[in-house]
Protein chains: 2
Amino acid sequence: MVTELNDGTFDFCETLTDAEDALAREMLERASAKWPLRVMHILAEAKGPLRFSRVLERVEGISQKVLTQTLRTLEADGLVTRTLYPQVPPRVEYELTPLGGELLVEVVGLWQWIANRLPDFEAARKPKADAV
Amino acid sequence: MVTELNDGTFDFCETLTDAEDALAREMLERASAKWPLRVMHILAEAKGPLRFSRVLERVEGISQKVLTQTLRTLEADGLVTRTLYPQVPPRVEYELTPLGGELLVEVVGLWQWIANRLPDFEAARKPKADAV
DNA sequence: ATCTATACATACCTTATGGTAACTGAACTA
DNA sequence: TAGTTCAGTTACCATAAGGTATGTATAGAT
């Protein structure tokens with residue numbers, strides 16, 4: 001995979017196989033999707049383990065079914081740990097892994113970059129009346 | 001919006017309104033989704049305008065319907081330009097805008113970061129047999 | 001008169017995603 | 001005995017996303 005911009009300053013990532021390329025794209029897609037990003041964000045803010053119910057409360061608008069799915073996927077990707085304390089009623093705690101934390105930093109960086117250029121995006125949407 | 005990691009080194013982006021925050025997240029989601037990312041990538045590689053059919057050929061697996069939708073969305077977001085040459089048969093050319101190019105650089109940077117850590121992600125998925 | 005090329009639009013269908021609501025299990029409580 | 005808690009699971013339904021196939025407009029070529 002080669003990427004070059006118009007000014008020719010861009011060219012890397014040639015050592016990846018197609019499979020690796022696809023996997024990286026998939027992770028990017030997953031990590032920047034709506035629910036996973038918000039869940040990881042909440043877990044990062046907590047600075048420690050959170051019970052299922054606490055996450056459910058703090059991720060506004062998510063249903064418990066989708067939260068379960070999301071957390072399981074994050075766990076499978078090594079971004080979150082799940083710890084079951086065999087009590088009654090059960091206690092399950094979720095926590096961001098170091099890998100998850102690092103990934104979140106990167107994604108939030110991109111999100112930040114976009115936020116800084118929001119005026120540009122908004123400007124790009126406007127020009128209806130004043131065509132050149 | 002505040003984001004802090006476990007080591008407390010992370011805290012910014014507090015000046016955004018909720019609306020701006022949501023918009024930035026939305027752009028992030030859109031930009032890192034499957035088709036938009038691949039289309040932008042093709043357009044970046046082309047280093048210039050591409051006709052609709054050329055894009056369709058190069059974005060493997062996309063249907064013409066979805067490509068049309070994707071390009072229109074990218075255009076509405078100010079990431080690509082659409083130029084219609086009123087010939088018969090029609091000629092339409094698409095090109096990355098500077099804003100689109102910049103965004104792609106950022107997203108590809110994240111994608112690169114992920115690619116560099118693929119071993120970590122793969123390792124995170126493995127540990128089934130050797131639990132601690 | 002028919003065919004071709006281009007960039008779509010449209011109708012129709014399948015799949016995926018996500019939401020709601022009800023159910024579970026087991027111990028503790030009233 | 002019935003109710004509560006927690007972390008789900010399950011069944012069911014609505015919406016969205018995406019695929020396939022076909023239609024359209026127009027001018028030039030055959």
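Chain naming here is simple, since letters A, B, ... match the order of the sequence lines and numbering starts at 1 in each. Basis for what follows: all heavy atoms, side chains included, without hydrogens, waters or symmetry-related copies. Source: prediction; values computed, not measured.
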A:Lys34 NZ to C:dG18 P, in whole Å, measures 8 Å
Please check if B:Leu84 and B:Phe52 belong to a single hydrophobic cluster, counting links between Ile, Leu, Val, Met, Phe, Trp and Tyr side chain heavy atoms closer than 4.5 Å.
-> yes
Calculate the interatomic distance between B:Lys65 atom NZ and D:dG19 atom P; express it in whole Å.
-> 8 Å
A:Glu93 and A:Arg91 ion-paired at < 4.0 Å | yes
Within this structure, what is the CD-to-C1' distance between B:Glu57 and C:dA5, rounded to whole angstrom?
-> 13 Å
In whole angstrom, give the distance that lies between atom CD1 of B:Ile62 and atom P of D:dA17.
-> 14 Å
What nitrogen or oxygen pairs link the protein and nucleotides 3-7 of chain D at under 3.5 Å?
from: D:dC6; atom 1: O3'; to: A:Arg51; atom 2: NH2; distance (Å): 3.0
from: D:dC6; atom 1: O3'; to: A:Pro90; atom 2: O; distance (Å): 3.0
from: D:dA7; atom 1: OP1; to: A:Arg51; atom 2: NE; distance (Å): 3.0
from: D:dA7; atom 1: OP1; to: A:Arg51; atom 2: NH2; distance (Å): 3.3
from: D:dA7; atom 1: OP1; to: A:Val92; atom 2: N; distance (Å): 3.4
from: D:dA7; atom 1: OP2; to: A:Ser53; atom 2: N; distance (Å): 3.2
from: D:dA7; atom 1: OP2; to: A:Ser53; atom 2: OG; distance (Å): 2.2

From CG of A:Leu84 across to P of C:dA26 the rounded distance in Å is 14 Å
Let me know the distance between CD of A:Gln69 and C1' of C:dA16, rounded to the nearest Å.
-> 11 Å
Results of side chain to side chain donor-acceptor pair (under 3.5 Å) for A:Trp113 - residues two or more places apart only | B:Glu106
Is any side-chain heavy atom of A:Trp111 closer than 4.5 Å to a side-chain heavy atom of B:Asp21?
-> yes
Mind calculating the distance between OH (A:Tyr85) and C1' (D:dG8) to the nearest angstrom?
-> 18 Å
Under 4.0 Å between a Lys/Arg side-chain N and an Asp/Glu carboxylate O for B:Arg117 and A:Glu102?
-> yes
Can we say B:Glu26 and B:Arg30 salt-bridge, meaning some charged N sits less than 4.0 Å from an Asp/Glu carboxylate O?
-> yes
Gap between atoms CD and C1', on B:Gln87 and C:dC8 respectively (whole Å) | 16 Å
